[in-house]
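Fair warning: this is a prediction, and the values are worked out from it, not measured in the lab. Lettering of chains follows the sequences in order, A, B, ..., and the numbering in each one begins at 1.
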Amino acid sequence: MLTYDILIIGSGGAGLYAALESRSEEELRVGVLTKIYPTRSHTGAAQGGVNAALANLDSTDTWQDHWFDTVKGSDYLADQDAAEIMTREAPMVVREMEHWGCPFSRTDEGKIAQRPFGGASKPRACYSADKVGHVMLHTLYEQGIRHGVNFLNEWQVLSLMHDGTRCQGVTAINTQTGRVHTINAKAVILATGGHGRIYWTRTSNAFGNTGDGTAMAYRAGLPIKDMEFIQFHPTGLRRTGILMSEGARGEGAYLLNGLGERFMSRYAPDKMELGPRDLVSRSCETEVREGRGGPEGEVFLDMTHLGKERILEKLPQIRELCIEFEGVDPIEEPVPIKPTAHYSMGGIHTDINGQTEIEGIYAAGEAGCVSVHGANRLGGNSLLDILVFGKRAGKHALEYARGASFTPVSTEQEERDTQMINTMMDGKGSGITIADIRHAMGNLMAEKVGVYRNASDLESAISKLADLQEQFKQMRIQDKTKAFNTELVSALELKNMLDLAEVVTAGALERKESRGAHTREDHLERDDKNWLAHTMATQGADGRPKLEFSPVTITEFEPKARTY
Amino acid sequence: MSEKIRYGFYSGCCFQGADERFFQILQDVFAKVDVELELIVDAVCCGSGVIEERSELTSLAVNAKNMAHAEQMGLPLYTPCSTCYNVIANAQKRMQEDPAVHAQVNEILAEQGLEYKGTCKITHTLWVFAQDVGLDKLKERITNPLNGLRVASYYGCHTRNPADIQGYESADNPTSLEDILEVLGVQIVDYDTKDDCCGYHLAWPNNKLNMQMTSNVLEGAHTKDVDMLVTSCPLCFKSMDGTQAKALAQTGKNFQLPVLFLPELVGLACGMSAEDMMLRYHGVPVNIRL
Amino acid sequence: MNATITPDRKSILANIRIQRFTPGEHKSAFYDNFKVNVETGMTVLEVLRLIKNTQDSSLTFRAFCRSKICGSCSVRVNGKPLLACSTQLMPILDDFKQESVIIQPMRNMPVLRDLVVDIDPVIEKLAKMHPYIMENRGRIPETLEQESLMSRQELTKFDYITDCILCGSCYSACSAASADPNYAGPLTLGKAYRFSADVRDSFKGERMQAAVDQGLWSCAQCRKCINVCPKDTRPAISIQRLRKMSIDDGIHDTPGSRRAKAYTDDVAKYGQVNKPMLPVIVNGPKGWAAIEAADNYLIKHGIEPTHQVCTLDGQSSTQKIYAKVKELESRGENKT
Ligand SMILES: Cc1cc2nc3c(=O)[nH]c(=O)nc-3n(C[C@H](O)[C@H](O)[C@H](O)COP(=O)(O)OP(=O)(O)OC[C@H]3O[C@@H](n4cnc5c(N)ncnc54)[C@H](O)[C@@H]3O)c2cc1C
Ligand code: SF4
Ligand code: SF4
Ligand code: FES
């Protein structure tokens, strides 16, 4: 049996930072297990920036300003003690990244450059051209190589194991061989990222952002928190969901509906295309709902009137993106777009050290929920979250593992998981494919649990998701080869997504208010009296989510209306 | 006789000294298709990408000088050497992209009363034949079509990589060489190693690897049972003809594959003799019926 | 629908030939043909996924971010390594004027299954190159209370390489890597330059030696790596710069550094490389054997050998260029 003192699941920013923090003790065995190669994690996709009140651009900026912006941005659902820790520690972790060689862009004086970001009162997003997540991820990986971090690449975790109070470890399948293993670990840190893929192609997230760790924790009886909050970005490319930054609209691009009308005049006659993200997302969605979308339910971002020269000079990267991924040259024609699921605010419930209710089990990053983002994450705060809480989880796990002993574990779970896989691989099945179910799930979630929500849509989504779960049970994997079976990888991910989709929907149905990213057409107002609370979901004995609510920690800022 | 097409001839090192015969051959072959070369006498060695290993600025200045002379002559700069083409075209691109560097280079050239304006057009044998002369005219001048000859075509690397140093044709799927060969009447044979590098530029720093790479390319063509390999690059020619015996011996292979430099084959098809093309100087004898 | 919003789009029933292989199941690689309706706008990855979702779910390939940032999805299409997720297929069909393409796994790495290759050997080579910053305490403060300062100019020296996504395309394209399994390859040498050029680093010496040991002078400068790199990180250029750096740092005793010196000095002196004498210049006295062999070759072909450098009439003016460059460099004004 494989054993690790500390096993980190996931090699995004959160996992790698945790690994670097926890490996400082020579005699402890620390491993990073990840279903891809470390540098392929979705942290690399972040382009914009990471927030820290360094005050390099605006000398009046303080961490307290950042703290307030975060709480306000969260629509007061963030725990203020957690947000305080994050914003106070931000300058340290960003400087640590810099000391490790991260190539941040520079100011005239040679300091880390910062830019303004939505929802921030001062320019404090530290950036590296348009590749900040990429360079942070690579910097962490490089330091991992330097310090001899032990990687298990292309291993997929299946189940989380504990004895009711203490961590036992995980089961995982080695994709390259197809074998299931039990791994005994004193401490496990789940850093498996978000679950934007429950919207399938309607997301800016990577194929593998399927919420594996969150689903695994849920199935292991741990509470998962605030799952109904999913942030949408208004402009994802139609075919792939890939993000088109605000840059184009900033430069004067128009949003057109299928009839060629500049429809924002209906929703934000003053700001037009430059209205806030959520409003623009909702407006796009309304156009499509009311039958004014394009043939595939899209709207269009039109830059043609800007002219070739201006596009080439000001928006070369955006143009390249449109050509490469959509086959559309914005100089010649409008670009088809749809709102795209972008960030999962919810996740595994943890305290400020990343600890869950089970000793030795930790979660960090987008998979976890402390919560610092509440109902709506501010741009640049999630990269910060993964650093600060990845580090804290690593540090705490190290202290824990130093004192703790291994909790014995049998191979029972391994046998169950092997059996589950064998069943999926066995026989011909009903003819329904993973692709069919995934597609149906994505469309269902986008239509009924997307930008707009209401009770009847959500109820119908719950029942349709149950159908899909039934279909999943009938589904059989056609590829019978053990080694590198990517169809099996996808099936296991789909199982996780179906579980989480149900929790997201149940939470959305229960929460009868509109807050942050959660908009109920039938409850348009924020309702602090009844809903200033975290949603805690656990899996009931019947397999369905059970919801409870717990109070939000308020230390400094009394909830106010969120206006900008 | 129709109009002559004229170029400033940048000779590189393959067309002087012991290799001067190639200059002669080129001029004779080009005469057949109404092309005239005018030697750029003030040109200096492009440095074949090696001077950069000491000073990029020096390399840029040297090649700006080469282009400046062509600009003064009012002619496009033609070089038959793919590496010279690559290095000079790269210098041109670098200065186009970075006006500050361009200005600094001109500051250097000013000391000898030169200015590189950036207007110089650069071209290579491939495009002289395939585009400037044109396939139609080339076809007209062919008196000895090489029907039935099985030929492996080999561009080498430096007219193709990176893609943006030339605007003449697709870098991923260039066809100029095959277009020319087709007009000559030969049968073009596809082979696995045609996109590989012969390793010529490793001759000094890592000769063993050069031999291995040359041998790999040759073997790929040889297994397709071709009569010869034809290349548009004089350095690839040197590697694959001049050092073929050594390369194959070092890698334990035992065959001979005649290699021709593209202008030689064009000359033969235009009715010139093996003697005119001085084929006796080849390392690997060219004994096939032509 | 507004006419300007739905321009004409093409659709071709294309034949997609894909190399298949599962070790242990198949004796050797073979090809499967799939018919796919390729439309304008479709990437190579979309085509692969379409085949997997609708025709053969066992088709195996990697992809993750599908947005050109993770480096998972490199495959070869008609021989050229590229990112499946950011490459439109229609323009390739147009370029090759065919209704069919061949998709193969990358070269120079063992195939794990179908289009998936084992990149561990490359990552191991990278790891040996010390691909990380070791703190230069002259630049990096001891505490996290302060940042290290770095000018934009200092950053520009290596920033372009930090775009590398470790996709392996350059390694697949490199003929030197095919011919010499010990050669580190373009991406690893690019990284070696990236860290050595960073003023915050203190490990340049060791890294430079690692680079020399792993083939700094085995790059043929064919520049294919520049051509295929999806992030335009120009590995061959970094290799030139790394070579320069190693010479500047005093590693003079390699054939490569002697060649660099010979070319540079000769061009200054004669406007031309002294080719006949190169063997001795690069390899020392044992180079005379090569010169003799060359002489014999010439004699055999009826050419009179000469050890004189050949020059053209106007090739004397290069000294002025060299002098001026030296002057600029000594004043730290070199803009390259
Ligand atoms: C397009 C885009 C742009 C963004 N821009 C910004 C920005 O500008 N600023 C900002 O702050 N945030 C941004 N974000 C958000 C931010 O990038 C993410 O929230 C953050 O990177 C998440 O990091 P992570 O370490 O938690 O997870 P990830 O980086 O997603 O890593 C998850 C890891 O878990 C592993 N894993 C998952 N499941 C399993 C399993 N079953 N077994 C084994 N391993 C598993 C994966 O292999 C992966 O290594 C952006 C997000 C997107 C999608
Ligand atoms: S230039 Fe060098 S590293 Fe790049 S592909 Fe050619 S031989 Fe390989
Ligand atoms: S240098 Fe370019 S081609 Fe090579 S691995 Fe990096 S990104 Fe890929
Ligand atoms: S899938 Fe990530 S680069 Fe193509």
Who wins among A:Val93, A:Thr107, A:Val489, A:Leu137 for the most heavy-atom pairs under 4.5 Å with chain C?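 The candidate making the most pairs under 4.5 Å is A:Thr107.
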
Quiz item: Taking A:Val135, A:Thr240, A:Thr433, A:Asn485 one by one, which has the highest count of heavy-atom pairs under 4.5 Å against chain C?
Solution: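 Highest number of pairs under 4.5 Å: A:Thr240.
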
Q) Under 4.0 Å between a Lys/Arg side-chain N and an Asp/Glu carboxylate O for C:Arg113 and A:Glu487? A)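 Result for this pair is no, no salt bridge flagged.
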
query = In terms of side-chain geometry, is the basic nitrogen of A:Lys131 or C:Asp159 positioned less than 4.0 Å from the acidic oxygen of its partner?
reply =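 C:Asp159 and A:Lys131: salt-bridged.
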
Residue part contacting chain C, namely of [X], when any heavy atom lies under 4.5 Å:
X: A:Ala483; value: backbone
X: A:His134; value: side chain
X: A:Ile434; value: neither
X: A:Thr139; value: neither
X: A:Cys102; value: backbone
X: A:Tyr37; value: side chain
X: A:Arg239; value: side chain

Which answer fits C:Arg137, side chain, backbone, both or neither, if we ask what part of it has an atom under 4.5 Å from a heavy atom of chain A?
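No part of C:Arg137 comes within 4.5 Å of chain A.
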
_Under 4.5 Å from any heavy atom of chain A, what part of C:Cys167 do you find: side chain, backbone, both or neither?_
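No part of it gets close to chain A.
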
Nearest-0.5 Å distance that lies between atom [atom1] in [X] and atom [atom2] in [Y]:
X: A:Ile112; Y: C:Met150; atom1: CD1; atom2: CE; result: 9.0 Å
X: C:Ile69; Y: A:Asp130; atom1: CD1; atom2: CG; result: 8.0 Å
X: C:Ser151; Y: A:Asp108; atom1: OG; atom2: CG; result: 11.0 Å
X: C:Glu46; Y: A:Thr201; atom1: CD; atom2: OG1; result: 10.0 Å

(message) Just by distance, no angles: are the side chains of C:Thr43 and A:Glu324 close enough, under 3.5 Å, to form a donor-acceptor pair?
(response)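 On atom types as modelled, these side chains do not qualify, holding no pair under 3.5 Å.
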
A:His147 NE2: over 12 foreign heavy atoms closer than 6.0 Å: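 More than 12 heavy atoms, drawn from other residues, nucleotides or ligands, come within 6.0 Å of this atom.
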
Residue among [options] with most heavy-atom pairs under 4.5 Å to chain A:
options: C:Thr87, C:Leu45, C:Leu144; answer: C:Leu144
options: C:Lys191, C:Glu145, C:Met90, C:Glu154; answer: C:Glu145
options: C:Met134, C:Gln153, C:Arg49, C:Glu135; answer: C:Arg49

Stepwise side-chain contact (heavy atoms from CB on, under 4.5 Å) check, A:Glu109 with C:Leu149: CA-CA 8 Å; A:Glu109 309 90 73; C:Leu149 299 182; 5.9 Å; no

Quiz prompt | Working for side-chain contact (heavy atoms from CB on, under 4.5 Å), residues A:Phe104 and C:Glu147 | solution = CA-CA 11 Å; A:Phe104 286 110; C:Glu147 310 167 11; over 6 Å; no

Can any side-chain N or O of [X] pair as donor or acceptor with the backbone N or O of [Y] at less than 3.5 Å?
X: A:Arg40; Y: C:Ile165; result: no
X: A:Arg106; Y: C:Arg152; result: no
X: A:His42; Y: C:Phe64; result: no

Should A:Phe484 and C:Arg62 count as side-chain neighbours, where that means a heavy-atom distance under 4.5 Å?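 Yes. Closest side-chain heavy atoms under 4.5 Å.
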
#### Entry: Closest non-hydrogen atom pair between C:Pro131 and A:Ile145, with its separation
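Looking at all heavy atoms of both residues, the closest pair is CG-CD1, 4.1 Å.
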
